[in-house]
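Ligands are counted one by one from 1 in listed order, and the atoms in each one are counted from 1 as well.
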Amino acid sequence: MLYAACGVLIMTYDEILFWLTDGDFDHLTVWADRVRREFCGEDVHLRGLIEFSNHCSRACGYCGLRQANSKLERYRMSLAEIFAAVQRADTLGYGTVVLQSGEDKDYSISAYCDLLNRIKQQTGCAVTLCIGEKTREEYQALRGAGMDRYLLRFETSDPDLFAQIKPDSSYENRLRCLRDLKSLGVQTGSGIMVGLPGQTAESLARDILLMRDLDLDMIGLGPFLSHPQTPLAGAPNGLLELSLRVLALTRIVTRNTHMPATTAMGSLDPLGRQKALKAGANVLMPNVTPQKYRAFYEIYPNKICVNDQPGDCRTCISAMVQSLGRTIAGGPGHSLKAVTRG
Ligand code: SAH
């Protein structure tokens, strides 16, 4: 097997394409599981997810939060409510909170900075933000206020497909955001949706190579799930097996990147997250959003856990990790990449 100087397994485009389409599925996932065990260990890292606003100024063709969806009841948590949810996550033992929203211009950068300062002073939590495309200066201010990590999926590396599904955004700007975040020392996560209408195995193979080449700290991926109030209403959902193949291959070529078993995997198949944990994933994102808001963060339909309280998700996730013979990590669970980057 070929490894580059930085230790990343060299898998060619053709090999990736073979494993995406023809290679034996069980063989691939066992391989990815072995790589996960060797480079990440048995620990599963928990990230408490707080979906704090479903307002969005964007027109993404796949997402139920898109501004044009007038059927969605909108909510916006106050900074005090968000902080209370962070404290709940801290109490539940999550070393990281992920604050996610639509692109909601109502929160100013200084409001985020106040919130970050308060979280850093009063809890031990690492903070990941997932709030969309910002300028370098804005990311820099957030970093200065204590933001540890940022999630921004590039969604697809096919520029034509990107233009179709994100008509008011640009592929170049999305990648610029990722470059800025990395250069500011923010632990950076990206990823894709699998099974977008018009997406090919060839473009998925290029996505996997791009995820490797970006040298990401975190990678999140899951099946595309069709939402009835979007232009992609009625399109077929992405397939779990293909999503797991992409996950497994990404684990094999990136080795120690943090990769969640995503809610989308669990929404497509009741055992989707367990299957992902056995195919390379080493992170879970239990929901800490107050129960009264959960159903409205409807990026896709039939999301799991919408009727649960935060404590319920803790219990369920502990049982899931235990049943797989894995352990729950303590602490913030920072990037494992610092070691391999040298
Ligand atoms: N506004 C933020 C957060 C978006 S929601 C941002 O743009 O980064 C987080 C992720 O959910 C998206 O990046 C997308 O990959 C995924 N997502 C959105 N709608 C989806 C759908 N219909 N099916 C599957 N995943 C979806």
Between [options], flag the one that comes closest to [atom] by a heavy atom.
atom	options	value
atom 10 (C) of ligand 1	Glu103, Arg153, Lys166	Arg153
atom 23 (N) of ligand 1	Leu151, Asn54, Leu225, Asn237	Leu225
atom 25 (N) of ligand 1	Gln100, Glu298, Met193, Lys303	Met193

Practice task
Mind checking whether Ser101 contacts ligand 1 via backbone (N, CA, C, O), side chain (CB onward), both or neither, at a 4.0 Å heavy-atom cut-off?
Solution key: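 Only the backbone of Ser101 comes within reach of ligand 1.
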Exercise for the section: With heavy atoms of Phe224 as the reference, note each atom of ligand 1 found under 4.0 Å away. Expected result: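 The atoms of ligand 1 under 4.0 Å from a heavy atom of Phe224 are 23 (N), 24 (C).
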Practice task
Please identify which atoms of ligand 1 are closer than 4.0 Å to at least one heavy atom of Glu155.
Solution key: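 Counting atoms of ligand 1 from 1, those under 4.0 Å from Glu155 are 12 (C), 13 (O), 14 (C), 15 (O).
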Exercise for the section: Look at Asp269 together with Lys275 and state whether they make a salt bridge at an N to O cut-off of under 4.0 Å. Expected result: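 Between Lys275 and Asp269 there is a salt bridge, with a charged N closer than 4.0 Å to a carboxylate O.
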Practice task
State whether Arg143 and Asp180 are salt-bridged, where the test is any N-O pair (Lys NZ or Arg NE/NH1/NH2 against Asp/Glu carboxylate O) under 4.0 Å.
Solution key: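 Salt bridge absent between Arg143 and Asp180.
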Exercise for the section: Check Tyr107, Tyr139, Phe83 against Tyr112 for a ring pair (Phe, Tyr, Trp, His ring centres under 6.0 Å) and give me the one that passes. Expected result: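 The ring pair (Phe, Tyr, Trp, His ring centres under 6.0 Å) with Tyr112 is passed solely by Tyr107 among Tyr107, Tyr139, Phe83.
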Checking side-chain polar atoms at under 3.5 Å, does [X] have a donor or acceptor matched by the opposite partner on [Y]?
X	Y	answer
Glu202	Tyr13	no
Thr263	Lys303	no
Thr123	Asp90	no
Asn287	Thr289	yes

Min heavy-atom dist [X] to ligand 1 below 4.0 Å:
X	result
Pro223	yes
His227	no
Arg174	yes

Exercise for the section: Identify the protein heavy atom lying closest to atom 11 (O) of ligand 1, giving its residue, its atom name and the separation to 0.1 Å. Expected result: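 I find the closest protein heavy atom is Ile299 CD1, 3.6 Å.
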Exercise for the section: Do me a favour and list the nearest non-hydrogen protein atom to atom 19 (N) of ligand 1 with residue, atom name and distance? Expected result: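 Checked against all protein heavy atoms, atom 19 (N) of ligand 1 sits closest to Tyr62 CD1, 3.3 Å.
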Problem - Thr96: which of Arg149, His258, His334 passes side-chain hydrogen bond (donor to acceptor under 3.5 Å, both in side chains) - result: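 Result for side-chain hydrogen bond (donor to acceptor under 3.5 Å, both in side chains) with Thr96: Arg149.
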